[in-house]
There are 2 protein chains.
Amino acid sequence: MAHREFKQKIYAEFARIGNALGSARRLELLDILAQGPRHVEALAAETDMTVANVSQHLQVLRQARLVEAEREGTKALYRLADRHVLDLWLTLRSVAEERLADLGQLRRDVDVYDEESPVPRDELERLLLDRDAVLIDTRPSREYEHGHLPASISMPMEELPERLHELPRDRPIIAYCRGDYCLFADEAVTLLREKGFEAHRLDGGWPEWWAEDRAVVGDPEIT
Amino acid sequence: MAHREFKQKIYAEFARIGNALGSARRLELLDILAQGPRHVEALAAETDMTVANVSQHLQVLRQARLVEAEREGTKALYRLADRHVLDLWLTLRSVAEERLADLGQLRRDVDVYDEESPVPRDELERLLLDRDAVLIDTRPSREYEHGHLPASISMPMEELPERLHELPRDRPIIAYCRGDYCLFADEAVTLLREKGFEAHRLDGGWPEWWAEDRAVVGDPEIT
DNA sequence: TTTTTATTCAAGCGTTCTATTGAATACGCC
DNA sequence: GGCGTATTCAATAGAACGCTTGAATAAAAA
């Protein structure tokens, strides 16, 4: 095979993947799947898309080998193809952060934005070791069950208001959720502060933690 | 700002970057720029595109903040915006490798493909320390000048045939070039073996080496 | 077997992207 | 100032994409 021909072909292969990453809708799907496997219908509900449209986007992601489907009777369960895909998604996001100043601004424009800088992941490990803080997972319980940080308590954002009495007032509370661009943890921090707790949010969320190969509870192995 | 609206906006931002990565032509440009800065015309010549077309693709890459342009009198010099962009490109490629079995096959179908497994980068550092091998850089000299591996000798593929007498016959020769999907090093290895030298290719090339923060010669800082 | 449920496929239509061409800009040089 | 060079802009036609709708499939339930 000639060199030129070879190059054309490999770049076309790479572009298949790039192309799959080139739609906001598909990235949203990928981001949800980074939290754990989902059925088509669940994805449609969470993204306000029609089922057919979701299915179509999933085909594109599947042809790029970014996601895999498994049939469970009448349902199809989709998941990320492997953790390298998660790396790719997080790398893409961090490049975006780095390069697009508007992104940080968008983040700050949100009502519940927490001004204070988040707790670094390394520091969290120290805090938990010393039992100097309580860690809450504010994602929906389904995602908590699929996998969560060690020593974290599941406290989905929608249940939090009624479950405040379960939390201590003598130690700081650290909240995490789906990642840097998920707002559950910010909402939790805002609410807790209003109620007189000391609260902070973790830097990053479940996917960032897991991608760094830190200790986790659950069996989130994608394959 | 409402949550839904926030999400829409950030995914759209991320998708701008994904979209820029979604064209084989643009990836080819990015790959060349990973070797060092270039003028528009040089890019056009190297990719067999019209200048206008290259310029157009460069605008897309620039709007995604993946590349930057600097004006030098009448010319415009383009370069990668920063090394995170290189990380992204390499991550994309490694996901592709991982997931698309056809890629490896394509690689093997090339005439000059070197059957033997390449020398790992860590091993090269040991070999060079012990002076047990000679390292040659088979890229065009312009790229060598922009930055190269320590202790490497510039020996562009086109000059190699006339410069064989400069190479030792009592030590192995290791060749590297632009990276895993560049064929200069494979060609060099093939030629050297025919002429009775012991030759191997390095795993990866300049961008992989540099992205790993290993020692280099030159000032390849992109910004 | 018929019905229900979850998903995929196929067609259609408006929008966006691509490559080409030729014109416009901006700079350096005579 | 006028000319040549390097790059960008603008306009176009054709291909590709995205979303919707409605039908097709395939497994499970009745």
Side-chain angles (χ1 to χ4, degrees), chain A residues 4 7-9 11-30 32-33 37-79 142, chain B residues 4 7-9 11-30 32-33 37-79 142:
Chain A
R4 185 91 214 130
K7 280 197 175 177
Q8 306 271 324
K9 283 190 179 168
Y11 287 121
E13 289 295 332
F14 297 146
R16 273 237 311 268
I17 296 187
N19 195 46
L21 299 174
S23 140
R25 291 292 172 84
R26 282 196 289 272
L27 291 180
E28 192 173 357
L29 294 173
L30 216 55
I32 294 171
L33 291 174
R38 286 285 190 293
H39 296 124
V40 180
E41 203 180 18
L43 290 168
E46 211 163 334
T47 57
D48 288 322
M49 288 192 254
T50 63
V51 170
N53 197 15
V54 168
S55 174
Q56 213 153 231
H57 281 302
L58 287 171
Q59 301 313 311
V60 176
L61 289 170
R62 195 162 62 161
Q63 272 159 36
R65 310 287 195 96
L66 298 178
V67 309
E68 282 173 352
E70 177 195 344
R71 294 214 75 101
E72 285 188 332
T74 163
K75 303 191 176 192
L77 192 64
Y78 279 84
R79 61 182 77 232
R142 184 182 172 169
Chain B
R4 185 90 214 130
K7 280 198 177 177
Q8 306 270 324
K9 282 189 180 169
Y11 287 120
E13 290 294 332
F14 297 145
R16 272 233 316 263
I17 296 188
N19 195 47
L21 299 173
S23 140
R25 291 293 172 87
R26 282 195 289 272
L27 292 180
E28 192 173 356
L29 293 173
L30 218 54
I32 294 172
L33 290 174
R38 286 285 191 292
H39 297 123
V40 180
E41 203 180 16
L43 290 167
E46 210 163 336
T47 58
D48 289 321
M49 287 192 252
T50 64
V51 169
N53 197 14
V54 169
S55 175
Q56 212 156 237
H57 281 301
L58 287 171
Q59 301 314 310
V60 176
L61 289 170
R62 195 161 64 160
Q63 272 159 37
R65 310 286 196 97
L66 297 179
V67 308
E68 283 173 352
E70 176 195 346
R71 295 214 75 99
E72 286 188 332
T74 164
K75 302 192 175 190
L77 192 65
Y78 278 85
R79 61 182 79 232
R142 188 190 156 139

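Just so it is clear, the values below take in all heavy atoms, side chains as well, and ignore hydrogens, waters and symmetry mates. Residue numbers begin at 1 in each chain, while the letters A, B, ... track the order of the sequences.
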Rounded distance (nearest 0.5 Å) linking atom CG of A/Leu58 with atom OH of A/Tyr78: 5.0 Å
Among [options], which nucleotide sits nearest the side chain of [X]?
X	options	value
B/Glu41	C/dT8, C/dG22, D/dT7	D/dT7
A/Ser23	C/dA6, D/dG18, C/dT8	D/dG18
B/Lys75	C/dA19, D/dT8, D/dA6	D/dA6
A/Val51	D/dT7, C/dT18, C/dT7	C/dT7
B/Thr74	C/dA19, C/dC27, D/dT8	C/dC27
A/His57	D/dC19, D/dT8, C/dT8	D/dC19

From [atom1] of [X] over to [atom2] of [N], roughly how many Å is that when rounded to an integer?
X	N	atom1	atom2	result
B/Arg25	C/dT18	CZ	P	11 Å
B/Met49	C/dT18	CE	C1'	12 Å
A/Leu61	C/dT7	CG	P	16 Å
A/Leu77	D/dA27	CG	C1'	16 Å
B/His39	C/dC27	NE2	C1'	14 Å
B/Glu70	D/dA6	CD	P	18 Å
A/Asn53	C/dA10	CG	P	17 Å
B/Gln59	D/dA10	CD	P	11 Å

Would you indicate, yes or no, if [N] has its OP1 or OP2 atom less than 4.0 angstrom from a side-chain nitrogen or oxygen of [X]?
X	N	result
B/Arg71	D/dA6	no
B/Gln56	C/dT18	no
B/Tyr78	D/dT8	yes

Any donor-acceptor pair under 3.5 Å from [X] side chain to [Y] backbone:
X	Y	value
B/Arg26	B/Ala20	yes
B/Arg16	B/Gln63	yes
B/Gln59	B/Ser55	yes

Nearest atoms (heavy-atom pairs only) where A/His57 meets A/Arg25: NE2-CB, 3.8 Å
Contact class for A/Arg26 (heavy atom, under 4.0 Å): base, sugar-phosphate, or nothing? sugar-phosphate
